[in-house]
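Data block below; observations after.
Computed from a prediction, not measured in an experiment: that's the story for all the values here.
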Amino acid sequence: MAYRVVQWATGSLGRTCLRAVLDSPDHELVGLYVYGDQKVGRDAGDIARREPTGVVATREIEEVLDLDADVVIHTPRLQVPYELHDDDICRLLRSGKNVITTAGHHYPRTHGEARVQMFQEACEAGRSSLFGVGVSPGVIGERIAMTLASTSLDLDAISVSEFVDASGMPSPDFVFTVMGMGTDPTVTDLRDGPLPALYRSLYSETLAFMADRLGIADYTIEDDHHFEVTDHDLAIRAGIIPTGTIAATEWRWHVVAKGKRRITLEIVWAMDSSIDRYVGRPHWSLRMTGRPEVSMSIDLHNPVDSTRRTTASQYIVAGIVMQSIPTVVDAAPGVVEPSIFALNPVTVVDPQP
């Protein structure tokens, strides 16, 4: 039988997931939740550029809660504060629907037992499961880097770096508010402001997951952020970044244990990839030191078919979502955590001569 799916949100990623559901004989769309008033009442096929489906978009969460569905593909925009979507997710879980979300929630135990218990209680009430998915967080650190670590005799440290040329992002609200581009560097708080708090909440889940799986105890997470300003008015898809304002952010954290950096995670978003420090950088680069030393680069490539507006970054997340559905539907009630190739914890040690 086909999995009965509700699509939650229809931004660029949500529409990609929606099309994947509609194009699959193994999935049946039974509901569609949207945020914009202009989409309410429209057929899902119209929104997805597909044939009519008979499923009409709604902004009423009660209508979604009343549906008979196996899973909700939850793809809202990440926003400040990080916990903004918690109530919606818990209501969906309590209604008996499994939730696959792209808005964090990869490793809730990072934030303490109370947060884990909140989701666990909702899952148990609805006999449902929650799984936070994505590429980074979700795959690059949690799966690929950890698989590399499983090859180590003596593991000294792991670094994961992401670089995104974000100049093509279309949403002004996301670019200038959530990403912090075009802001005055003299007033932007990169340590204690709302944006570093948001991204620390999100990406600390990757760091904590890796540290726990590597057996690193008694660690702290230290930040080491940086930004670049533009020396000219910079025209991007979302608008204009004025001279002297932020055109690139480097969010960087280190897991420090016994005075040594054991894991480093760097997230670089640039609106001008011609800045010298960014030229030639791959989308992701991983480096493991110890015995052996290993490095890896990963790049995404957009489809050759230029008539398609969907990007590689949208396809890859949609692929992860769709592949996750059987596992999440079959899982015991609770929070699902990423699986890794290394079946046993990998111990981080000081390299021996």
Side-chain angles (χ1 to χ4, degrees), residues 3-11 13-14 17-18 21 27 29-36 40 55 57-134 137-138 142 178 194 197-206 208-209 212 317 320-322 324-338:
Y3 293 104
R4 295 161 298 180
V5 179
V6 173
Q7 175 61 46
W8 183 288
T10 55
L13 174 58
C17 293
L18 177 59
V21 171
H27 302 82
L29 184 74
V30 298
L32 179 62
Y33 183 89
V34 295
Y35 287 97
V40 173
V55 177
T58 182
R59 280 197 67 185
E60 300 298 327
I61 187 172
E62 289 76 13
E63 294 181 15
V64 175
L65 297 176
D66 289 340
L67 292 171
D68 182 14
D70 297 307
V71 63
V72 176
I73 298 176
H74 182 257
T75 60
R77 180 180 298 167
L78 186 68
Q79 292 177 300
V80 177
Y82 180 65
E83 301 80 11
L84 182 67
H85 301 293
D86 286 359
D87 184 61
D88 287 342
I89 291 174
C90 287
R91 293 182 70 184
L92 291 167
L93 293 169
R94 290 192 192 97
S95 74
K97 297 168 184 61
N98 300 290
V99 176
I100 298 174
T101 181
T102 60
H105 306 84
H106 300 84
Y107 197 50
R109 71 180 63 193
T110 304
H111 309 294
E113 186 58 33
R115 186 165 178 80
V116 174
Q117 192 61 31
M118 175 182 68
F119 291 122
Q120 187 66 36
E121 289 176 355
C123 289
E124 290 177 356
R127 307 300 297 170
S128 55
S129 299
L130 169 65
F131 192 26
V133 302
E142 292 88 338
V178 181
L198 172 67
Y199 294 122
R200 183 185 177 94
S201 294
L202 176 65
Y203 288 104
S204 64
E205 296 187 5
T206 293
F209 179 88
D212 288 351
V317 177
I320 296 167
V321 167
M322 298 298 288
S324 300
I325 290 176
T327 297
V328 174
V329 171
D330 292 341
V335 177
V336 179
E337 295 178 356

Just wondering, do V178 and Y199 contact through their side chains at under 4.5 Å, heavy atoms? yes
Kindly compute the distance separating SG (C17) from CG (L29), expressed to the nearest 0.5 Å. 12.0 Å
Taking side chain as C-beta onward, heavy atoms only, is Y107 less than 4.5 Å from S204? no
Tell me if the CZ atom of R127 is crowded by more than 12 foreign heavy atoms within 6.0 Å. no
Keeping Y82 on the side-chain end and H105 on the backbone end, is there a donor-acceptor pair under 3.5 Å? yes
Closest non-hydrogen atoms of T75 and G14, given as atom of the first, atom of the second and distance, are OG1-CA, 3.4 Å
How many angstroms lie between atom CG of L67 and atom CD of E62, to the nearest 0.5 angstrom? 11.5 Å
Can you find a heavy atom in the side chain of F209 that is under 4.5 Å from one in the side chain of T110? no
I want to check something: taking the side chain as every heavy atom from C-beta on, are S128 and V99 in contact at a cut-off of under 4.5 Å? no
Does the side chain of D88 come under 3.5 Å of the side chain of Y33 through a donor N or O and an acceptor N or O? no
Could you tell me if the side chain of E113 sits less than 4.5 Å from the side chain of Q120, heavy atoms only? no
For H85 against P76, the heavy-atom pair lying closest together: CE1-CB, 3.5 Å
So, do H27 and M322 sit near enough that their side-chain heavy atoms are less than 4.5 Å apart? yes
Stepwise side chain to side chain contact (heavy atoms under 4.5 Å, CB included) check, L92 with L65: CA-CA 6 Å; L92 291 167; L65 297 176; 4.0 Å; yes
Residue of the set I100, V21, L18 for which side chain to side chain contact (heavy atoms under 4.5 Å, CB included) holds with V5: V21
Does the side chain to side chain contact (heavy atoms under 4.5 Å, CB included) test come out yes or no for W8 and T101, once each step is laid out? CA-CA 9 Å; W8 183 288; T101 181; over 6 Å; no
R4 side, atom CZ; K97 side, atom NZ - distance, nearest 0.5 Å: 9.5 Å
H74 and F131: CA distance, side-chain angles, deciding distance, ring-ring contact (aromatic ring centres under 6.0 Å, His included) verdict: CA-CA 10 Å; H74 182 257; F131 192 26; over 10 Å; no
Might you work through the side chain to side chain contact (heavy atoms under 4.5 Å, CB included) test for S95 and R91, ending with a clear yes or no? CA-CA 6 Å; S95 74; R91 293 182 70 184; over 6 Å; no
How about V133 and T102: do any of their side-chain heavy atoms sit closer than 4.5 Å? yes
Derivation and outcome, side chain to side chain contact (heavy atoms under 4.5 Å, CB included), residues T206 and H106: CA-CA 8 Å; T206 293; H106 300 84; 5.9 Å; no
Any chance the side chains of E205 and H111 put a donor and an acceptor closer than 3.5 Å? yes
How many angstroms lie between CG in L130 and CD1 in I89, if you round to the nearest 0.5 Å? 6.0 Å
Tell me the closest heavy-atom pair linking N98 and S129, and the distance in Å. OD1-N, 2.8 Å
Can you find a heavy atom in the side chain of V30 that is under 4.5 Å from one in the side chain of V6? yes
